[in-house]
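One structure below.
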Amino acid sequence: MHTKYNYLRQYRRKTRLNQSDIAFIIGNSDTSIISRWEQGQRTPSVLMLIIYHLLFEIPVSNHIQSQKEEYMEIIKDRIRQLIENLKTKRPSQKNQARISFLAETLTKLSV
């Protein structure tokens, strides 16, 4: 298995739980949704991530690492664009505070 969510299956199988067990815990009788999450055919819901976090003591950040990396550059580009847009507006304390916050955030994200 080479999908980005295959770790969901790995954690579940380590405990000997099956997909029916997980489906029951989330209140769903259909195991196909569990299968699709584990195979990477669907993005796990927030509920699913929380359940895996609670059951298997996996930090939620482990679940979202690939999405975080995927969106990081997009967000940094949009912050840069917003800063440039704000610089073209009439100078004010409010705009300067917004620019400062965004610049600091950009620095943190670039580390």
Side-chain angles (χ1 to χ4, degrees):
M1 188 182 317
H2 63 291
T3 61
K4 62 183 174 181
Y5 297 110
N6 65 359
Y7 60 86
L8 295 175
R9 181 177 182 190
Q10 293 170 357
Y11 285 115
R12 178 182 57 76
R13 293 185 89 188
K14 282 182 185 178
T15 63
R16 304 284 192 232
L17 293 177
N18 59 38
Q19 290 178 347
S20 295
D21 298 330
I22 300 297
F24 180 83
I25 291 168
I26 67 171
N28 190 333
S29 60
D30 183 10
T31 61
S32 66
I33 193 154
I34 309 301
S35 177
R36 287 189 292 254
W37 284 329
E38 290 182 356
Q39 293 176 19
Q41 295 171 351
R42 293 196 63 186
T43 302
S45 66
V46 172
L47 173 61
M48 184 66 171
L49 298 179
I50 290 170
I51 287 170
Y52 273 74
H53 167 70
L54 295 171
L55 286 175
F56 309 120
E57 299 178 358
I58 308 163
V60 173
S61 61
N62 287 11
H63 294 302
I64 61 170
Q65 189 60 38
S66 61
Q67 291 89 343
K68 178 181 170 184
E69 293 169 4
E70 186 177 322
Y71 292 111
M72 181 70 74
E73 290 306 315
I74 294 169
I75 291 168
K76 290 190 313 189
D77 286 342
R78 289 182 182 167
I79 289 172
R80 286 184 196 102
Q81 290 173 15
L82 183 54
I83 289 171
E84 290 306 312
N85 186 0
L86 290 170
K87 286 180 178 179
T88 65
K89 298 195 183 283
R90 192 179 66 155
S92 70
Q93 285 184 331
K94 184 177 179 180
N95 282 347
Q96 189 54 47
R98 292 165 67 192
I99 291 169
S100 294
F101 172 79
L102 291 168
E104 288 173 21
T105 301
L106 190 57
T107 300
K108 290 179 204 174
L109 293 175
S110 297
V111 173

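Computed over heavy atoms, backbone and side chain alike; hydrogens, waters and symmetry mates excluded. If you're wondering where the values come from, they're calculated on a predicted model, not measured in any experiment.
- At least one donor-acceptor pair closer than 3.5 Å links the side chain of R12 to the backbone N or O of L17.
- Criterion: ILVMFWY side-chain heavy atoms under 4.5 Å apart, direct or through other members. Under it, F24 and F56 are not part of a common hydrophobic cluster.
- In this structure, M72 is not a member of the same hydrophobic cluster as V60, with clusters built from ILVMFWY side-chain heavy atoms closer than 4.5 Å.
- Linking ILVMFWY side-chain heavy atoms closer than 4.5 Å, directly or via other members, places I25 and I34 in a single hydrophobic cluster.
- To the nearest 0.5 Å, the span separating OG on S32 from CD on Q39 amounts to 10.0 Å.
- Atom-to-atom distance recorded for H53:NE2 and M48:CE is 14.5 Å, nearest 0.5 angstrom.
- Between the CD1 atom in I50 and the CG atom in L55 there is a gap of 12.0 Å [rounded to 0.5 Å].
- In K76, the NZ atom is crowded: over 12 heavy atoms of neighbouring residues, nucleotides or ligands sit closer than 6.0 Å.
- Interatomic distance, CG of D30 versus CD of Q19, reported as 10.0 Å (0.5 Å rounding).
- Heavy-atom contacts from other residues, nucleotides or ligands closer than 6.0 Å to CZ of R36 number more than 12.
- Judged by distance alone, with hydrogens and angles left aside, the side-chain atoms of T88 form a donor-acceptor pair with the main-chain N or O of N85 at under 3.5 Å.
- No more than 12 heavy-atom neighbours from other residues, nucleotides or ligands sit within 6.0 angstrom of CZ on R13.
- Within the model, atoms CG of L86 and NZ of K94 stand 10.5 Å from one another, a figure rounded to the nearest 0.5 Å.
- Taking CG of L49 as the reference point, atom CG of L54 lies at 11.0 Å (rounded to 0.5 Å).
- Nearest approach of Y52 to I58, heavy atoms of both residues: O-CD1, 3.9 Å.
- Taking each heavy atom of A103 and I83 in turn, the nearest pair found is N-CD1, 3.8 Å.
- Residue Y71 is grouped with residue L102 when hydrophobic side chains (ILVMFWY) are merged at heavy-atom distances under 4.5 angstrom, including chains of intermediate members.
- Within the 3.5 Å criterion, the main-chain N or O of N18 finds a donor-acceptor partner in the side chain of D21.
- By the 4.5 Å heavy-atom criterion applied to side chains, R78 and I75 are not counted as neighbours.
- Under the 4.5 Å side-chain heavy-atom criterion for Ile, Leu, Val, Met, Phe, Trp and Tyr, L82 and I99 are members of the same hydrophobic cluster.
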